[in-house]
Enquirer: 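Pasting a structure here, questions to come.
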Number of protein chains: 2
Amino acid sequence: MRDISLCGSLTDEELAVLNRLGRPRQLARGETLAWAGSEALVCANLLSGVLKLSAMTADGREQIVGLLYPADFVGRPFAEEVEHSITALTDVELCVFPRKPFEAALENHVRMERLLLRRTLAALDEARARMLMLGRKTAEEKVASFLLDMAGHLGGQQKACEVTFDLPLTRSQIADVLGLTIETVSRQMTKLKRDGLIGLPSNRLVTIRNRNALRERAESA
Amino acid sequence: MRDISLCGSLTDEELAVLNRLGRPRQLARGETLAWAGSEALVCANLLSGVLKLSAMTADGREQIVGLLYPADFVGRPFAEEVEHSITALTDVELCVFPRKPFEAALENHVRMERLLLRRTLAALDEARARMLMLGRKTAEEKVASFLLDMAGHLGGQQKACEVTFDLPLTRSQIADVLGLTIETVSRQMTKLKRDGLIGLPSNRLVTIRNRNALRERAESA
DNA sequence: CGCATACTTGATTCGCTTCAAAACTCGTGG
DNA sequence: CCACGAGTTTTGAAGCGAATCAAGTATGCG
């Protein structure tokens, strides 16, 4: 756990503090770590797997407002109530900290606080980039951007420019990320496949066949 | 400038540091403090007026990704390049800090850094709430939410439940906040007026006539 | 007063959603 | 090994909400 997550670039003493605080925890695909509206009890580091952060309207429409990958920080220090539900999209390993003691540790360890500030600023930039996507992009642009994003996070390496990866999201969840319906996502993916930009060897697998063409379809972002 | 902005709850010594660093600056309505893609030279505190943060697609579609009000922090420490253009929606007064020295001051003054962390976390929550709005709300819900939001920020007080305020945004800018077109914004506002939920005494003035009914139209948020 | 800009309103179009059903995937048990 | 069934994905047809196109009407400034 040393290289990964908040812990990179901490001193030994700070690492010791975190280790004393943290408890390992697993979640199975589909399990929820925290429900929006409940008391905020924990923060965590994500060690492996993918988490979603989601918000819902009163009548049940869902929007995924963030995806978390290994080494990402999980949770929201300094808030008493959970704003966004946190749910596992794959089986997940976490290092969980009780929130209050974690906050105390932050106050006492400037480097940790500094690191968290940088990450939060980066997360804010990302959230705003996604606002542009949600507000101003077409369905095709959304799907193309999404696939490039996933490739960036999951595509181990590009052999001869082609990458294949395993989608951690169902079509329905992709729709909830992009602010679309499941049918529209499916149609756009089929179109990209028909046009030879991607391959869909199986339901959950995606191959990026022509990254540059895909970037053009994603416009802008 | 003491009560407002980052400076609240700083020590005298820290205030002195900031004052030595900061330079007052005015912007007229429409002027831009920083262009996306340019070198990030400054951070600032907003003293009066309203700023927009905006992003654009390659082909010129715009999305406003944030609005800043008096006492808000402006800019993005620790990034070399400006991610989002910063433009004045009204005449604006700022207290501007050169970025690098400001970053150095942050490192040396834990309380300032801590304060900035809290604000950044809050901004992230807000950005994510706006993602739900952009991705999953109808035009009517978007406009109703927007008006309630503005009332919260600008509506001095409610006399007998009615508040009137001066919109700092044109219809076109409202459209860019909500991910709609100018015509749709106009139509929805007219509808809300016809239904007696709001009044539009002049182009830029809005009166909230029935806050609860408006909240119902805004659904969820 | 006249011009430019902003806002409203109407008619039409289009992209995405909705509704409906077929095809596929995958785990289970015969 | 294959048949079965639940869940997921694809595909098709129809409808609707917001965009686009196009005037027309305020508003405000020189």
Side-chain angles (χ1 to χ4, degrees), chain A residues 28-30 57 59-63 89-91 133-147 166-195 198-207 217 219, chain B residues 28-30 52 57 59-63 89-91 133-147 150 166-195 198-207 217 219:
Chain A
R29 175 168 212 267
T57 61
D59 62 342
R61 285 166 284 172
E62 180 174 353
Q63 176 68 46
L89 292 178
T90 63
D91 291 350
M133 190 212 64
L134 286 170
R136 292 301 185 202
K137 291 203 189 175
T138 64
E140 181 177 55
E141 291 168 341
K142 286 176 175 183
V143 171
S145 316
F146 172 79
L147 291 175
D166 209 329
L167 278 179
L169 298 87
T170 65
R171 298 290 186 269
S172 163
Q173 289 163 340
I174 297 173
D176 288 339
V177 171
L178 302 178
L180 296 170
T181 59
I182 180 176
E183 294 96 330
T184 301
V185 171
S186 178
R187 280 186 246 273
Q188 295 302 333
M189 304 236 322
T190 318
K191 179 142 74 98
L192 292 175
K193 177 183 173 185
R194 236 188 358 251
D195 297 353
I198 63 172
L200 300 170
S202 96
N203 253 339
R204 300 220 130 202
L205 286 179
V206 177
T207 307
R217 304 270 179 125
E219 208 90 334
Chain B
R29 177 168 212 267
K52 72 168 181 179
T57 60
D59 61 342
R61 286 166 283 172
E62 180 175 352
Q63 176 68 46
L89 293 178
T90 64
D91 292 350
M133 189 212 66
L134 287 170
R136 291 302 185 201
K137 291 203 189 176
T138 64
E140 181 177 56
E141 291 168 341
K142 285 177 176 182
V143 171
S145 316
F146 172 80
L147 291 175
M150 287 312 269
D166 208 330
L167 277 180
L169 297 84
T170 66
R171 297 289 185 270
S172 163
Q173 288 163 340
I174 297 173
D176 287 338
V177 171
L178 302 178
L180 297 171
T181 60
I182 181 175
E183 295 95 330
T184 300
V185 171
S186 178
R187 280 187 246 270
Q188 295 301 333
M189 305 237 321
T190 318
K191 179 141 74 97
L192 291 175
K193 176 184 173 186
R194 237 190 355 254
D195 298 354
I198 64 171
L200 299 171
S202 97
N203 254 339
R204 300 220 132 202
L205 286 179
V206 178
T207 307
R217 304 270 179 124
E219 206 91 332

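Residue numbering restarts at 1 for every chain, and letters A, B, ... go by the order of the sequence lines. This is a predicted model, so every value here is computed, not measured.
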Enquirer: Round to a whole Å and report the spacing from CD1 of A:I198 to P of D:dT9.
Expert: 14 Å
Enquirer: Below 4.0 Å from chain B heavy atoms, what is the first contacting nucleotide of DNA chain C and what is the last?
Expert: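 Extent of the interface on DNA chain C: C:dC7 to C:dA11.
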Enquirer: Let me confirm one number: the CE-CD distance from B:M133 to A:Q63, rounded to the nearest 0.5 Å.
Expert: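 One finds 10.5 Å between CE of B:M133 and CD of A:Q63.
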Enquirer: Listing time: all N or O pairs from protein to nucleotides 17-23 of chain D that are below 3.5 Å?
Expert:
residue : atom : partner : partner atom : Å
D:dA18  : OP1  : B:A139  : N            : 2.8
D:dA19  : OP1  : B:T181  : N            : 3.4
D:dA19  : OP2  : B:T181  : N            : 3.3
D:dA19  : OP2  : B:T181  : OG1          : 3.0
D:dA19  : OP2  : B:T184  : OG1          : 2.4
D:dT20  : O4   : B:R187  : NH2          : 2.9
D:dC21  : N4   : B:E183  : OE2          : 3.0

Enquirer: Using C1' atoms of five pairs at each end, report the bend of the helix from C:dC1-D:dG30 to C:dG30-D:dC1 rounded to 10 degrees.
Expert: 30°
Enquirer: Is there side-chain contact between B:R29 and B:D91, with at least one heavy-atom pair below 4.5 Å?
Expert: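 Contact flag for B:R29/B:D91 side chains = yes.
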Enquirer: Measuring from atom NZ of B:K142 to atom CD of B:E219, what distance do you get when rounded to the nearest 0.5 angstrom?
Expert: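 Here the interatomic distance stands at 14.5 Å.
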Enquirer: Which value, rounded to the nearest 0.5 Å, describes the distance between B:L89 atom CG and B:K52 atom NZ?
Expert: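 Answer rounded to 0.5 Å: 6.5 Å.
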Enquirer: Under a 4.5 Å cut-off applied to non-hydrogen side-chain atoms, are B:M150 and B:V206 in contact?
Expert: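 They are not in side-chain contact.
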Enquirer: Rounded to the nearest Å, what distance is computed from the NZ atom of residue A:K191 to the P atom of nucleotide D:dT10?
Expert: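 Between P of D:dT10 and NZ of A:K191: 15 Å.
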Enquirer: NA contact type, B:S186, heavy-atom cut-off 4.0 Å: base, sugar-phosphate, or nothing?
Expert: base
Enquirer: Who are the side-chain hydrogen bond (donor to acceptor under 3.5 Å, both in side chains) partners of A:T138, not counting sequence neighbours?
Expert: A:E141
Enquirer: In this structure, how many angstroms lie between the P atom of D:dT27 and the CZ atom of B:R204, rounded?
Expert: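 It is 14 Å, rounded to the nearest whole Å.
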Enquirer: What is the distance from atom CG of A:N203 to atom OG1 of A:T170, rounded to the nearest 0.5 Å?
Expert: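 These two atoms lie 10.5 Å from each other.
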Enquirer: Which residues satisfy the salt bridge (charged side-chain N to carboxylate O under 4.0 Å, His left out) test with A:E140, sequence neighbours excluded?
Expert: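 Expected list: A:K191, A:R217.
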Enquirer: Kindly list each side-chain donor-acceptor pair under 3.5 angstrom involving residues 178-188 of chain A, sequence neighbours excluded, with atom names and distances?
Expert:
residue : atom : partner : partner atom : Å
A:T181  : OG1  : A:T184  : N            : 3.4
A:T181  : OG1  : A:T184  : OG1          : 3.0

Enquirer: Would you compute the distance between atom CD1 of B:I174 and atom CG of B:L169 and round it to the nearest 0.5 angstrom?
Expert: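 The distance works out to 5.5 Å.
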